[in-house]
Amino acid sequence: GENVEQHPSTLSVQEGDSAVIKCTYSDSASNYFPWYKQELGKRPQLIIDIRSNVGEKKDQRIAVTLNKTAKHFSLHITETQPEDSAVYFCAADGGSNYKLTFGKGTLLTVNP
Amino acid sequence: GAVVSQHPSWVICKSGTSVKIECRSLDFQATTMFWYRQFPKQSLMLMATSNEGSKATYEQGVEKDKFLINHASLTLSTLTVTSAHPEDSSFYICSASDGEDTQYFGPGTRLTVL
């Protein structure tokens with residue numbers, strides 16, 4: 001089955017700096033790679049996703065890049081704000097049945 | 001759009017009792033629903049995949065007789081934790097898909113078993 005590795009597990013940045021979270025996956029059949037933001041005690045919220053036919057996608061301060069050859073994808077947050085502080089999860093679909101395998105998460109702290 | 005609700009948001013029960021959690025898609029038809037469990041400071045672990053009108057598919061290591069899943073309609077799936085024990089205490093989250101790859105998550109149910 002699919003295996004997703006996520007790094008770093010914690011990330012602390014100053015407000016205004018950029019943050020980068022990286023994930024690798026094992027199943028070359030994976031086609032769908034979402035990123036979720038989860039605040040403490042709340043539901044995971046989809047913030048951006050990318051599919052295998054695209055190498056990069058951007059939505060305002062958030063961007064995701066995908067390298068299918070190397071089987072890794074990354075989340076980039078620019079001009080970070082304190083409200084960006086949360087746990088971020090990457091996931092991959094393993095290519096079938098829309099099941100998602102999640103990374104272990106990254107606790108992002110943006111210091112004012 | 002794509003709103004998923006869950007009920008109850010939290011529940012406390014005695015060891016040995018059963019607890020039912022409901023997951024509803026409010027504004028779309030969910031052909032597939034997923035049930036996850038999340039322990040504190042850990043990731044989401046998929047328990048089972050539920051398709052309307054058919055039996056759920058459980059992940060390895062998840063006891064199907066303990067975690068009963070029913071997906072009776074395109075907007076409702078239920079998870080029943082039978083004979084709950086303290087080690088079942090966790091955050092249970094459902095998600096729903098409208099047939100595409102995007103999953104929309106419910107707000108979760110915090111279960112505490114005394």
Side-chain angles (χ1 to χ4, degrees), chain A residues 1-10 21 23-25 27 29-54 57 59 64 66 73 86-109, chain B residues 1-7 9-10 21 23-26 28 30-52 54-62 90-112:
Chain A
E2 177 68 280
N3 182 48
V4 177
E5 299 284 340
Q6 183 172 347
H7 298 280
S9 56
T10 62
I21 302 171
C23 289
T24 60
Y25 61 98
D27 194 334
S30 285
N31 290 312
Y32 177 60
F33 308 90
W35 286 88
Y36 287 87
K37 174 184 179 182
Q38 187 180 30
E39 297 176 0
L40 189 62
K42 302 286 183 65
R43 78 181 82 197
Q45 291 196 309
L46 179 69
I47 56 172
I48 197 167
D49 56 14
I50 192 167
R51 292 173 176 82
S52 59
N53 58 344
V54 176
K57 185 177 178 180
D59 182 3
V64 58
L66 171 64
F73 56 113
V87 178
Y88 291 80
F89 292 99
C90 64
D93 73 345
S96 65
N97 297 326
Y98 305 134
K99 284 171 41 174
L100 293 178
T101 300
F102 284 81
K104 291 189 175 182
T106 296
L107 174 61
L108 173 64
T109 303
Chain B
V3 178
V4 178
S5 70
Q6 234 177 290
H7 178 81
S9 55
W10 59 269
I21 302 170
C23 177
R24 293 181 186 273
S25 57
L26 299 185
F28 66 100
T31 53
T32 306
M33 287 184 170
F34 303 86
W35 287 95
Y36 295 85
R37 182 167 50 184
Q38 187 177 34
F39 291 107
K41 296 186 178 182
Q42 293 190 21
S43 188
L44 292 90
M45 296 301 296
L46 180 65
M47 300 175 66
T49 303
S50 167
N51 291 293
E52 186 264 340
S54 61
K55 290 184 178 180
T57 302
Y58 290 81
E59 294 300 300
Q60 191 172 8
V62 178
S90 189
F91 193 49
Y92 291 86
I93 314 176
C94 70
S95 71
S97 165
D98 59 2
E100 300 297 328
D101 45 23
T102 303
Q103 290 186 28
Y104 302 96
F105 282 85
T109 297
R110 185 158 304 283
L111 170 63
T112 301

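Computed from a prediction, not measured in an experiment: that's the story for all the values here. These values consider heavy atoms only, across backbone and side chains, with no hydrogens, waters or symmetry-generated copies. Quick note on labels: first sequence line is chain A, next is B, and so on, each numbered from 1.
Between A:Arg51 and B:Asp101, some side-chain heavy-atom pair lies under the 4.5 Å cut-off.
Using a 4.5 Å cut-off between heavy atoms, B:Leu44 contacts chain A through both its backbone and its side chain. Proximity to chain A (any heavy atom under 4.5 Å) is shown, for B:Gln103, by both the backbone and the side chain. At a 4.5 Å heavy-atom cutoff, the contact between B:Glu59 and chain A is made by side-chain atoms alone. Using a 4.5 Å cut-off between heavy atoms, B:Ser95 does not touch chain A at all.
Taking non-hydrogen atoms and a 4.5 Å limit, the residue list of residues 101-109 of chain A in contact with chain B, ordered by number, reads A:Phe102, A:Gly103, A:Lys104. When the heavy atoms of residues 41-48 of chain A are compared with those of chain B, the residues falling under 4.5 Å are A:Gly41, A:Lys42, A:Arg43, A:Pro44, A:Leu46, listed by number.
Between B:Gln38 and A:Phe89 the shortest heavy-atom distance is NE2-CZ, 3.7 Å.
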